[in-house]
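Working notes, structure below.
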Protein chains: 2
Amino acid sequence: MARATTMKQIAERAQVSIGTVSHVINGTASVRDKLRRRVLDAIASLGYQPSQLARGLRRNSTNMLGMVIPDITNPFFPRVVRGVEDVAFEASYRVVLCNTDNDSVKEKAYVDELRSYRPAGLLVIPAAQRSLSFNSEYPMAAGLPAVYLDRRPAGWRGDAVVAANEEGAFQATSYLVKAGHTRLAMLTGPSHLTNASERLAGFRRAISQHKIRIGQEYVQETRFDRETGYRASMRLLRMLPRPTAIFASNDMVALGTLLAIREMGLKCPRDISVMGFDDLEFGMFTDPALSSVHQSGYQLGATAARLLLERILGTRLSSRQVVLPTELRIRNSVAPPSALAG
Amino acid sequence: MARATTMKQIAERAQVSIGTVSHVINGTASVRDKLRRRVLDAIASLGYQPSQLARGLRRNSTNMLGMVIPDITNPFFPRVVRGVEDVAFEASYRVVLCNTDNDSVKEKAYVDELRSYRPAGLLVIPAAQRSLSFNSEYPMAAGLPAVYLDRRPAGWRGDAVVAANEEGAFQATSYLVKAGHTRLAMLTGPSHLTNASERLAGFRRAISQHKIRIGQEYVQETRFDRETGYRASMRLLRMLPRPTAIFASNDMVALGTLLAIREMGLKCPRDISVMGFDDLEFGMFTDPALSSVHQSGYQLGATAARLLLERILGTRLSSRQVVLPTELRIRNSVAPPSALAG
DNA sequence: TTGTATGCGTTATCAG
DNA sequence: CTGATAACGCATACAA
C-alpha cells in the first residue's frame, strides 16, 4: 500500500519548513512570495493532497457532513440527498450517507459511528418521532451541529426544515370536498412520524370545517410504502358504503391505491378519486395521472444544508424552524363523485 | 466543542495501560479476563467509541468505502447504492457517496479527495468510457482496491460488475422482430458509455441476424434521461415512414418516448411499440405499462461490494469480470405492428 | 500477559 | 515572516 505524499516531502522539495507549507495551504500566515511559489510548485508537481485524517484528528473536525435517511430506495429521498450534496459540495463539504430503514436502533448505531469521524455536522431524517438517540438535544449536546429534515423528533428545539404538511393536506382535502366528495377516506402513513400525523391533522381540519363526519374505519394507518397502501386500500374498497375519494399520505401509498382499484375492477376517477402527497415524478405517468400535494425534496435538502452550514460557520445562533410551501397539483385521478358510486 | 472519550480515559478508569485497552478492543493480544472485563465495563459506562480518524491515520486505512455515481436522482442508482450499503454495513464498512453528474472532471476531484480519507476501497460507476482519472489502472496503482460497476472504462483490467447489456438488447430486439416489426428504431443513450454501446450492439446483432436493414436515421443518440428521449422520439415520430417500434436504451428514455407518442396524438402500442431497459419500478404503472429488459440494480451493487470486500481482505488476487443476467419483461407497450401503421 | 514508547500527517504555538 | 516542536488518539513493536 503505497503511502501518499506528505507535507514533509513538499517541505523538502520546496526547501522550506513543514510549518511554512501548512501556512501557505491554509493561508494562516503571510508567506514571502518566493517561498509560497516554491511550495505551490512542489504541491502541483507531486500531486499532493492533505490527509483529511490527520487534519481532522488535529482540528477535531472534518469536512464531512453526516446524513441519516430512512431509505435511499424510496424515490422521495434521492432528491433531498441531492439538494444536500449540491449545497455541501459547493462549500467544500462531503456527504456521508446512511440508511436507517426507519429503525431507531440502526439510527443510533450510525450516528454514534458517524461521530467518531468528527463530521462538521449532521443532517437527519429521523426514523421515529421519539427516538432513543434523539429524545433530547443529543447531537447538539456534544457540540455537533445538527439539522432535522422532513420530520421533527419530539422535543427537538434545534434547526429543522419541514414541508407544510398540515396545510398541504388541508388544501388537498378541501379540494376533494369542494368537488362534491363526502365519503372521504385517508391512508395516514406511520402515526409516529410527524409528517404523517400533520397530514392527518390537515385532513381532519378540512372535513370538520366542512361539517363532514366520517367513520373511523375510513382512516387507515399504513407505512409509507406501496405494499401497505395496497392492502389498506383493498380494505377500504370492500367497505359499504365505499368511500368516493381516498387521500393517501404519500405517492407510494397512492400507487398502492391505484393498484387496488385496478384489481377490484373499479375505475379511477370514475368510481373513486385518488390524491397523493409529495408529487413524485412518476405521478405524471401513472394511469390515471396522479393528483398530489407537491413538495420539493430538493429544496428541503438544500435548505437544510444551508442552515447546517450557517450553524457550522457560526453565523447564526438562534434555532430556526423552516416550513417549506406545498402546492396542489390536480391531474386525472380526481373527479367529482359519480351519482352511481357506492 | 466537547471532546469525546479517549482510550486514555478508558485506561485510567480500568486501571490498565492504554496498550491493553487497544488489545482488548482489537483482539490483538490475549488479555487476562479480569482486566478485559474492567476495560469492557469502562468502555460501556463511558460510551466510548474509538476515533476513526486516529485509527485511520495510524493504520493508513479506514472502514469507509468511497462510492462514485453519476446521479442519485436517476432512479436506477439508488438500488445500486442500497445493494452496496447493505453488504458494506454487514461487514462494518460505511459508504461515502459522491455524484459526478457524468462529469469526469468532477469525478477526478471526488476520487482525489476521497483518497485523502484513506477509504478501504472504491466503487465507481464511471462518468465516461475514457476518463482522465481512470484511463489506466489509476486507483489500483496507488494500492487502492477498486471495483467498477454498470459501465467499464476503457482499458480497465481490474474487477468489474456489469449487466448483460448486449445480450439483453439482443433478446429485446429479437422479440420485437418476431412480433413482426421491421421498421425498428433505437435511442442509444450516450455512445461513450459502454453499457449504451453494448445495448446498441445487441440491437444491431438482432436486426442483422434477421436480415433487417434500417436507415441510419432510425438510430438516434440520446443521453440517459427523459428529456433527450422525448426530443429524439419526436424526431423519429415525424419520419416517413415512421418506425413501428422504438427500443429505448433505458426506461427514462422510454418515458420520454411515451410522452412524445402521447403528444403526437398516437397510441402505444397500437401505432407504435416501445421497449425500455432497466425495468424500473414505475414501468408497471405507466400508461401503457412499459416492456423492458430487467436488470437488478440491487444485485449489481451488492455483487460489486462483495468483490470489493474480498479484494480488501485479500482473499483473491486475479481480477474478475462479473456479468449479471437480464430478463425480458413484456407488458402492454409492445404489440405486433398494425397493418395501418406508417 | 501487560506496559512503554514511537510515529501516523497535520495544525498551532512559540521562538527567533 | 519562518522554523522547531508539541499535541491530536490510536496501533504496534518491543521490553519487561
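Considering only heavy atoms from C-beta on, B:Leu65 comes within 4.5 Å of B:Leu123 through its side chain.
Ranked by how close their nearest DNA chain C nucleotide is to the 5' end, B:Arg118 and A:Gly19 are led by B:Arg118.
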Check step by step if side-chain contact (heavy atoms from CB on, under 4.5 Å) holds for B:Val80 and B:Ile69.
-> CA-CA 9 Å; B:Val80 182; B:Ile69 66 173; over 6 Å; no

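Look at B:Asp101 and A:Arg82 and you find a salt bridge, because one of the NZ, NE, NH1 or NH2 atoms lies within 4.0 Å of a carboxylate O, short of that distance. Electrostatic pairing of A:Asp33 and A:Arg37 counts as a salt bridge here, judged by a charged N lying under 4.0 Å from a carboxylate O.
Contacts between residues 4-13 of chain A and DNA chain C, counted as heavy-atom distances below 4.0 Å, involve A:Thr6, A:Met7. Of the residues in residues 21-52 of chain A, those placing a heavy atom less than 4.0 Å from an atom of DNA chain D are A:Ser30, A:Val31, A:Arg32, A:Leu35, in numerical order.
For an aromatic pair to be called close, the ring centres must be under 6.0 Å apart, and B:Tyr117 with A:Tyr117 fails this.
Proximity of a side-chain donor or acceptor of A:Thr100 to a complementary backbone N or O of A:Lys106 within less than 3.5 Å is not detected. With hydrogens and angles ignored, the 3.5 Å screen pairs no side-chain donor or acceptor of B:Arg79 with any backbone N or O of B:Tyr298. Side-chain N or O atoms of A:Asn74 include one that pairs as donor or acceptor with a backbone N or O of A:Phe76 at under 3.5 Å.
As rounded to whole Å, 14 Å separates atom P of C:dT10 from atom CG of A:Asn63. Computed from coordinates, the B:Leu53 CG to D:dA7 C1' distance equals 15 Å when rounded to whole Å. In this structure, the CZ atom of A:Arg115 is 17 Å from the C1' atom of D:dG9, given to the nearest Å. Atom pair B:Arg3:CZ and D:dC8:P shows a separation of 7 Å (rounding to whole Å applied). Rounded to a whole Å, the CG atom of A:Leu57 is 14 Å from the C1' atom of C:dA12. The CD1 atom of A:Ile18 sits 12 Å away from the C1' atom of D:dA6 (whole-angstrom rounding).
Contacts classified as side-chain hydrogen bond (donor to acceptor under 3.5 Å, both in side chains) and involving residues 87-96 of chain A (residues at least two apart or in different chains) are given here: A:Arg94-B:Glu113.
Look at B:Thr20 and you'll find a side-chain N or O under 4.0 angstrom from OP1 or OP2 of C:dG3.
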